[in-house]
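Values below: all heavy atoms of this structure, side chains included; hydrogens, waters and symmetry mates excluded. Atoms within each ligand, like the ligands themselves, are counted from 1 in listed order. Here, residue 1 is the first one in the sequence, and each next residue gets the next number.
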Amino acid sequence: MNLLEPVQLGELTLPNRIVMAPMTRSRAYGTVPTPLMAEYYAQRASAGLIITEATQVSAGAQGYPDTPGIHTQQQIDAWRAVTGAVHTAGGRIFIQLWHVGRISHSAYHGGQPPVAPSAIRPAGKIYTHGGLVDFETPRALETHELPGIIEDFRQAAKNAVEAGFDGVEIHGANGYLLNQFLETGTNQRTDEYGVSVENRARLLLQVTQAITEAIGAQRVGVRLSPGGTFGDMSDADPAETYRHTAAALNSFGLAYLHVVEGSQDGPAGGLNGQSPTALVRAAYQGTLITAGGYDLNSATRALESGQADLVAFARAYIANPDLAERFKENAPLLEPDPTTMYGGNAEGYTTYPTLQQQAAGTHG
Ligand code: 8OZ
């Protein structure tokens, strides 16, 4: 098994097992995708699958500057240009559906506090258009508000299909709303969404149920980050939380489950010595994508050992639009410029050359 072998993902046949991982780049126009974003994703169409940057399911779901949404007709129409460009270039693209929960600020919500499972303030600071400020204490969602959150995810998934996406990935990872419900450090609820792992997983599973009913399970993936600490996350027993959650996702017949190996904040922990991917592999019977600092060799080992079925690459895809070709040729990779990661213009976004352009000196 190697990265360049085809794989079936739902009803799609991917030409290789290389996935472009979801990455926030903060280059939307407000919350509307731009033609530059279409160019950026189309440049990366030789990936087996592209997963877009995290995208708000509602206005209230935002927590970073210039991240896109998929809840207005203008956003849907702008995304259609992105999916059209990727398909014309021969690619396949899922959109990552996102609600940030407490990782936000009242500046994004007309002065209202962000919402979360419980009123627990994250440690640290947050970027707003006004600069870096302290996090605020979020407002705990009322039980009767949760059907509205589920409906926002369901409608966003329908909008994604209207916009021409091949599928959606539910963002259950990295400390955002669905992850906040899953873990005990952020969920102190006493209703049917708190205390037991069955209850903490309920919102994620209800969102998954609503979306799979709306657009078909073969077009739906879920991303999890077992033991991750990004977003000031913690859980009393992450091994059990994620074993239960991964096992509960078996029944849907999803296109895939996507596991984050460690996070921007460092390695995952608390999993009884298991890696996040190994823990999920043992509990989940379907197709598994693993992500987190892989290179060609470690990714090949992950496939050969049966740890995962596909491997997602983030940093490598920032600076190497033709990553699949580079892997095929065993060619050196370019390094991303950290100063152009978030926000700005084409520089450090669509300006990284392909191998061919590099050789001809015609680009970048
Ligand atoms: C880094 C900066 C902004 C957002 C994630 C959506 O970690 C993100 C994100 C990461 O999933």
Side-chain angles (χ1 to χ4, degrees), residues 19-28 30-31 33 37 40-41 50-58 60-70 94-105 107-108 114 116 122-129 131-133 135 153 156 160 168-183 186 204 207 221-234 242 256-268 276 289-294 312-319 336-344 348-349:
V19 177
M20 178 180 171
M23 279 179 285
T24 290
R25 305 299 307 274
S26 285
R27 280 171 170 87
T31 61
M37 288 166 61
Y40 162 75
Y41 284 114
I50 294 170
I51 305 167
T52 71
E53 63 208 278
T55 299
Q56 289 99 236
V57 298
S58 65
Q62 187 172 4
Y64 294 85
D66 305 318
T67 51
I70 185 144
F94 275 37
I95 185 170
Q96 194 188 46
L97 299 181
W98 191 33
H99 190 309
V100 295
R102 69 176 188 160
I103 304 299
S104 191
H105 188 273
Y108 290 103
K125 292 186 186 287
I126 175 165
Y127 281 101
T128 66
H129 283 108
L132 203 55
V133 299
F135 275 113
F153 272 95
V168 308
E169 176 174 287
I170 300 167
H171 197 343
N174 299 348
Y176 301 111
L177 183 71
L178 299 175
N179 197 182
Q180 291 157 28
F181 269 83
L182 272 180
E183 300 198 8
T186 38
L204 172 68
V207 164
V222 173
R223 196 175 213 220
L224 299 173
S225 51
T229 56
F230 187 65
D232 194 21
M233 292 300 291
S234 64
Y242 286 94
Y256 65 84
L257 198 51
H258 187 177
V259 177
V260 180
E261 271 300 309
S263 69
Q264 297 95 328
D265 260 15
I289 307 178
T290 186
Y294 285 96
F313 300 86
R315 291 177 56 82
Y317 255 118
I318 292 181
D337 173 358
T339 67
T340 51
M341 216 80 102
Y342 303 112
Y349 188 54

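- The aromatic ring centroids of W98 and Y64 lie less than 6.0 Å from each other.
- Ring pair Y40/Y349 is parallel by interplanar angle, where below 30° counts as parallel and above 60° as perpendicular.
- At least one heavy atom of H171 lies less than 4.0 angstrom from ligand 1.
- Counting heavy atoms closer than 4.0 Å to ligand 1, residue E53 contributes nothing at all.
- Near Y342, meaning under 4.0 Å from any of its heavy atoms, are these atoms of ligand 1: 1 (C), 2 (C).
- Atoms of ligand 1 lying under 4.0 Å from any heavy atom of N174, numbered from 1 in the order shown and given with element: 5 (C), 7 (O), 11 (O).
- With hydrogens and angles ignored, the 3.5 Å screen pairs no side-chain donor or acceptor of R27 with any backbone N or O of M37.
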Could you please spell out the steps behind the side chain to side chain contact (heavy atoms under 4.5 Å, CB included) verdict for R102 and Q180?
CA-CA 8 Å; R102 69 176 188 160; Q180 291 157 28; 3.5 Å; yes
